[in-house]
Amino acid sequence: MSVLVYTENWDGKFKKLSFELVSYATGVAKMLNTTVTAVSIGKVNETELKKLGNYGANKIINVNNDKLITLDNQAYTSVIAEISHKENATIILIANNNTGKAIAPRLSVRLKAGVGSGVSKLPLNLNPFTVYKRTYSGNAFAHVVIKSDVKIITLAQNSFDLIETSDNAIIENLNVSIDGSLLKTVVKDVQKQSGKIVLTDADIVVSGGRGMKSPDNWPSLVELAALLGAATACSRPVSDEGWRPHEEHTGQTGKIIAPNLYIAVGISGATQHLAGISSSKYIVAINTDKDAPIFSAAQYGIVGDAMKVLPKLVDAVKEIKK
Amino acid sequence: MKILVCISNVPDTTTKIKFAEGNTSIDTTGIQWVINPWDELSLTRALELKDDAASGIKSVTVVHVGPASSEPTIRKALAIGADDAIRVNAESSDAWFVAAQIAEVVKNEQFDIIMCGIESSDYNGSVVGGMVSEFLGVPSVSAVSGINIENGQPVLTREIDGGKEVVTVSAPFVAIVQKGIAKEPRIAAMRGIMMARSKPVKLIEPLAVEPLTRIVVFEKPAPRAACKYVDADNPAQLIDLLQNEAKVI
Ligand SMILES: Cc1cc2nc3c(=O)[nH]c(=O)nc-3n(C[C@H](O)[C@H](O)[C@H](O)COP(=O)(O)OP(=O)(O)OC[C@H]3O[C@@H](n4cnc5c(N)ncnc54)[C@H](O)[C@@H]3O)c2cc1C
Ligand SMILES: Nc1ncnc2c1ncn2[C@@H]1O[C@H](COP(=O)(O)O)[C@@H](O)[C@H]1O
C-alpha cells in the first residue's frame, strides 16, 4: 500500500501546486500509516527533484523519455498506471488542472478507481473513504464516498498549505518504453508566451469588469498587477467586447481560479463570475455601487471609482516596494 | 463522419442552490433546467461544422444519461439543431456509471467525434469525457478551444500553460471542450422548435454498472467574514491590510 502523487513540472521546474500536492499526499499517507511516492515525467534535474522530499515524498520516480515531451493522455496514463501497479498504490493524487483533468479520468478506468475531483481538504473519513469536493461551481460542497479499492483524488489548487519536513527522499530513475505508434495526438504547432504569469496558477490576480468602462483604462490595472507580480483577468463581457483577450475571462464559462488574492475592479459579482473565483483565499472589491453583490463575497472593499482608486493603489504599492 | 455531443442537464446557472432530505439531495423546486453551458457550446460548434459541407460531417446526435424528466433539455438540443438524440434511461448516479453508458452507445452506433464539456456545472467532475475515451480505448484531447476539419482531418486547438497547441488526431476520438470552441451558443428558432417535436429520441436501457462513488451529504460553503471597508480616498490602507493583516502581498 502506498500513496502515489503525480508531480507536474513546467520547463523542468515544479510549481507551488506540485508541492501542495506532495504536502497533501504526506497528510494522507500519515492517516493511512504509509509512504509517499512521487512520480515526475520529463526533464527535471536532481536538485529540483530533491525538493519534493522537502514536503514529505519518501521516494521519487523520475521518468525521462523524449516521447513524453508533449502531453499524450494515453501515454501518460500508461506510465502512471504501470508505476501505480508496481508501487501497489491505493491512493493516487493529481492536480485538478488541465493535465490532471486529462489524465485522472483515463487512469480511473484503467485502474477501476473512483475519482474524487476538485478536493480541498484531507479525507474526512477513511472507512468509508470520504472526500470533500466542490460542487455547483462553489455554491456547495459534497462529501463523496469512493468505494473502489484504488482511489484517485484531484486536488484543488491553493486549498492545501505547504508543509515542509526534513525527510530525505530517494530518487529512482525509471526507463519506460513507449511505442511511438501509440502516440495518437500529433502536435503541429505551439504558440507559447514564456515569462508570462499564467492565470490559473497565479498567487495574485487583478481583474477588471465592465466598470472599467473602456479598454483605454486598463494601463493602471495592468501596472498594479505588474507591481504585485499578479496575473490579469477579466469578466466575461469584457472579453466578449474584445477589451481583453479571451484567456483572461474568469467564471463559470471561463477559467476557474483559486489565487491567494483576487482583486475585482468594476465587477458586479454575478453568480457566474463568482463561480470562477469564489475559492480565492481573499477577495478585494472595488466598485462604485455599495450594493454590488461582489461585496458579499469580498473580505476587503472600497466603494469608489476605479479610475481614481487604481492610480492611488499603484502609488501605495510602489511605496511599500521601496 | 458522425458527431456525438454528450449533454448533461443542470440547474440554470443563476439558481440559488438549496438542499432537501437532510442535505442529501438538491431541492428541485422552482429550478429551471438547462443544457450544461459547455455542452451547449459543443453542440453549437458541431452544428457549425455540419453546416459546412466541406467538413464531411453528416450528422450530429446528442446523448444524455438521465431519467424521463430531462426530456425537455433533450428537446431543446434538438430544437437548436441536433438531428437526433439518444437517452439512456437511468439516474446519472456517478461519472463512472455515466461514462460506461456513453461508451456503450458509441460502440453500438460508431461515432467518429465525441464531444464532452470540460465540466458539468452541477457536479463539477471534469471526468466523464476522459473516462469515455478510456472505456473505448480511443484518444482524448482535453482543454480543446477549437475544432476544425481540414481535408477530412480533424485539427484541434488545445490550451496549454501559457499558450496553445494545434494538434491533429485520428477519429474516433473524444474532444473535451472548453472556452473558445464556439462564440455564442446557438439559439433555437421557431422552426427548430417545431421540427424538434418530430425528431427521433432513441431510448436505451442502461448497462448494469456499479457506480464507484456516492455523494453522502452536501453542505453550503462557510460564510465569508463581513467585508471590511476602506475609504476611497485612502487606498494605501488597503495595501497595508493586505500586507499586514491578510499577509497576501
Ligand atoms: C450561462 C452564463 C454563463 C456566464 N458565465 C460568465 C463567466 O464565466 N464569467 C463572467 O464574468 N460572467 C459570466 N456570465 C455573465 C454574468 O451573468 C454577468 O453578466 C457578468 O459577470 C457581468 O460582468 P461585469 O461585472 O464586468 O459587468 P456589470 O454587471 O455590468 O458590472 C459592472 C460593475 O462595475 C461597477 N462600476 C461602474 N462604474 C464603475 C467605476 N467607475 N468604478 C468602479 N466600479 C464601477 C458597477 O457598479 C457594476 O457593479 C455568464 C452568464 C450566463 C447567462
Ligand atoms: N448524464 C450525462 N449525460 C450525458 N453526458 C454527460 C452527463 N454527465 C456529464 N456528461 C458529459 O460530461 C461532461 C463533463 O461532466 P462531468 O465529468 O460530470 O463534469 C459534460 O459537459 C457532458 O458533456
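Computed from a predicted model, the values in this text were never measured in an experiment. Throughout, protein chains are lettered first and strands after them, A, B, ... in sequence-line order, and every chain is numbered starting at 1.
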Student check: side-chain heavy atoms of B/Lys179 and A/His246 closer than 4.5 Å: yes
Side-chain donor or acceptor of B/Asn124 paired with backbone N/O of A/Ser137 under 3.5 Å: yes
Region of A/Tyr132 in contact with chain B, defined by heavy-atom distances below 4.5 Å: side chain
Contact origin within A/Leu313 toward chain B - heavy atom pairs under 4.5 Å: both
Which portion of B/Arg224 sits near chain A, non-hydrogen atoms under 4.5 angstrom: side chain
Within 6.0 Å of CD in B/Gln243, more than 12 heavy atoms from elsewhere: yes
A/Gln74 versus chain B, the contacting section by heavy-atom distance below 4.5 Å: side chain
Rounded distance [0.5 Å steps], CG in A/Leu261 versus NZ in B/Lys247: 14.5 Å
Top contributor to chain A interface from B/Thr157, B/Thr168, B/Asp94, B/Val128 [non-hydrogen pairs under 4.5 Å]: B/Thr168
Nearest-0.5 Å distance that lies between atom CG in B/Asp240 and atom CD1 in A/Ile320: 8.5 Å
Residue pair B/Ile26, A/Tyr136: steps toward the side-chain contact (heavy atoms from CB on, under 4.5 Å) verdict: CA-CA 10 Å; B/Ile26 150 164; A/Tyr136 293 99; 3.1 Å; yes
Neighbour count above 12 (heavy atom, 6.0 Å) for A/Asp289 CG: yes
Side chains of B/Ser140 and A/Asn73, donor plus acceptor under 3.5 Å: yes
Approximate separation, where rounding is to 0.5 Å, of A/Tyr282 OH and B/Leu241 CG: 10.5 Å
Heavy-atom side-chain contact between B/Leu212 and A/Ile146 under 4.5 Å: no
N/O donor-acceptor pair under 3.5 Å between A/Lys147 side chain and B/Glu210 backbone: no
Chi angles and distances behind the side-chain contact (heavy atoms from CB on, under 4.5 Å) call for B/Leu238, A/Ile302: CA-CA 8 Å; B/Leu238 174 68; A/Ile302 295 182; 3.9 Å; yes
Residue B/Lys16 excluded, over 12 heavy atoms near NZ under 6.0 Å: no
Side chain / backbone / both / neither for A/Ala113 at chain B, heavy atoms under 4.5 Å: backbone
Closest non-hydrogen atom pair, A/Gly138 against B/Pro221: O-CG, 3.5 Å
Interface moiety of A/Lys318 toward chain B, non-hydrogen atoms closer than 4.5 Å: neither
Backbone N/O of B/Gly125 and side chain of A/Ser117: donor-acceptor pair under 3.5 Å: yes
side-chain contact (heavy atoms from CB on, under 4.5 Å) assessment of A/Lys255 paired with B/Glu159: CA-CA 11 Å; A/Lys255 294 222 162 73; B/Glu159 189 150 315; 2.8 Å; yes
Residues 6-15 of chain B: residues contacting chain A (heavy atom under 4.5 Å, by number): B/Pro11, B/Thr13, B/Thr14
Selection from B/Ala232, B/Gly163, B/Ala95, B/Ala226 maximising heavy-atom pairs under 4.5 Å formed with chain A: B/Ala232
Part of A/Val131 lying under 4.5 Å from any heavy atom of chain B: neither
Nearest atoms (heavy-atom pairs only) where B/Ser126 meets A/Pro105: O-CG, 4.3 Å
Interface moiety of A/Ala104 toward chain B, non-hydrogen atoms closer than 4.5 Å: neither
Pair A/Tyr300 and B/Tyr229, ring centroids less than 6.0 Å apart: no
Interface moiety of A/Ile256 toward chain B, non-hydrogen atoms closer than 4.5 Å: side chain
A/Lys101 side chain near B/Ser142 side chain, heavy-atom distance below 4.5 Å: no
Atom of A/Lys192, atom of B/Ile160 and distance for their closest heavy-atom approach: CD-CD1, 4.1 Å
Structural part of A/Val198 lying under 4.5 Å from a heavy atom of chain B: side chain
Structural part of A/Asp201 lying under 4.5 Å from a heavy atom of chain B: side chain
Where A/Thr77 and B/Glu134 come nearest, the two heavy atoms and their spacing: CG2-OE1, 4.4 Å
Atom group of A/Asp240 that falls short of 4.5 Å from chain B, counting heavy atoms: side chain
Within residues 29-40 of chain B, residues adjacent to chain A where the heavy-atom gap is under 4.5 Å: B/Pro37, B/Trp38
Closest heavy-atom pair and its distance - B/Pro139, A/Lys184: CG-CB, 3.4 Å
Contacting region of A/Ser239 [heavy-atom separation from chain B under 4.5 Å]: side chain
Contact listing (chain A partner; residues 115-122 of chain B; heavy atom under 4.5 Å): B/Ile118, B/Glu119, B/Ser121, B/Asp122
Closest heavy-atom pair and its distance - A/Asn139, B/Lys220: O-NZ, 3.5 Å
Segment of A/Lys308 engaging chain B (4.5 angstrom heavy-atom cut-off): neither
Verdict with reasoning, B/Trp96 to A/Val109, per side-chain contact (heavy atoms from CB on, under 4.5 Å): CA-CA 8 Å; B/Trp96 172 271; A/Val109 174; 4.1 Å; yes
Partners meeting side chain to side chain contact (heavy atoms under 4.5 Å, CB included) with A/Asn260 (sequence neighbours left out): A/Lys16, A/Asn158, A/Asp203, A/Lys281, B/Val248
